[in-house]
Amino acid sequence: MIKENLEKIRATLPEQVTLVAVSKTKPVSDLQEAYDAGQRIFGENHALEMRDKHEVLPNDIQWHFIGHLQTNKIKYIIPFVTLIHSIDSANLLEAVNKEAKKHDRIVDCLLQFHIATEETKFGLDLDEARQLLSSDAFREMHNIRICGVMGMATFTDDTEQVHNEFRNLKSIFDTLKHDYFTEQPQFKEISMGMSDDYPIAIEEGATLVRVGSKIFGARNYLS
Ligand SMILES: *Cc1c(COP(=O)(O)O)cnc(C)c1O
């Protein structure tokens, strides 16, 4: 089923959109099945779970961290992570930079924005991002690279609202690109859209979609 699900989704994705297969809570055998069907990018939201899966699965997998990252867990993923989608504070970015330096790596990161109405979701607002990007501390961070933005829409059936929230993230991206990253081609990613709303996200300009349950089936517990 995983192979068929992947093929169905891939067939609907425009060329400029990259699929992150969100495999959190799923057993290694499910990830292997997706890998055998050609999937190379996987998204996880717990540091230790991602590290454990990384240790047993093929080396050419690109691991994307998509969940709220606690500072004391950074060390488990820094040696191998490809992209951290969920930078939601200046402190976290600074801590990632520090750990990346220890490993002599430059780690790609996205700034996560709070675009939903739900209070529970993490993320910066535009003012906080401006403060971060214009700070002296940021200028000293040589072991991270900001590659774009990430956001999660409100969980709602109101598709107009979801359109508006994704449009807002795209406009945040455009603003930051214009004000801070014009000369930096790596600032190009807009990570938005999950199983239920990724077609809307694509219409609004997503370059990375994070799809879990549509590939692997429903999860056993919410996370
Ligand atoms: C779980 C999760 C997803 C995938 O959710 P699905 O609805 O299963 O596709 C995407 N992004 C984040 C940040 C997640 O935590």
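Ligands are counted one by one from 1 in listed order, and the atoms in each one are counted from 1 as well.
Hydrophobic cluster of Met194: the remaining members, joined at side-chain heavy-atom separations below 4.5 Å, are Met152, listed by chain and number.
Not a single heavy atom of Asp196 sits under 4.0 Å from any atom of ligand 1. Between Arg219 and ligand 1 there is a heavy-atom distance shorter than 4.0 Å.
Each of the atoms 9 (O) of ligand 1 lies under 4.0 Å from some heavy atom of Val211. Close approach of ligand 1 to Ser195 is summarised as follows: ligand atoms under 4.0 Å from at least one heavy atom of the residue are 6 (P), 7 (O), 8 (O), 9 (O). Of all the atoms in ligand 1, the ones that sit under 4.0 Å from a non-hydrogen atom of Arg210 are 4 (C), 9 (O), 10 (C), 11 (N), 12 (C), 13 (C).
Salt bridge annotation for Glu94-Lys98: absent, with no cationic side-chain nitrogen under 4.0 angstrom from a carboxylate oxygen. Classification of Asp60 and Arg40 as a salt-bridged pair holds, one side-chain N sitting under 4.0 Å from a carboxylate O.
The aromatic rings of Trp63 and Phe42 are tilted relative to each other, their planes meeting at an angle between 30° and 60°.
Here's the thing with Met194: none of its N/O atoms is less than 3.5 angstrom from an N/O atom of ligand 1.
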Salt bridge (Lys or Arg N to Asp or Glu O under 4.0 Å) between Glu49 and Lys24, worked out
CA-CA 8 Å; Glu49 183 179 344; Lys24 62 191 189 194; over 6 Å; no

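Looking at residues two or more places apart in sequence or on another chain, you find a side-chain hydrogen bond (donor to acceptor under 3.5 Å, both in side chains) between Asp136 and Arg139.
Summarising the contacts of atom 2 (C) of ligand 1 with Gln112, Met152, Lys24, the nearest heavy atom is found in Lys24.
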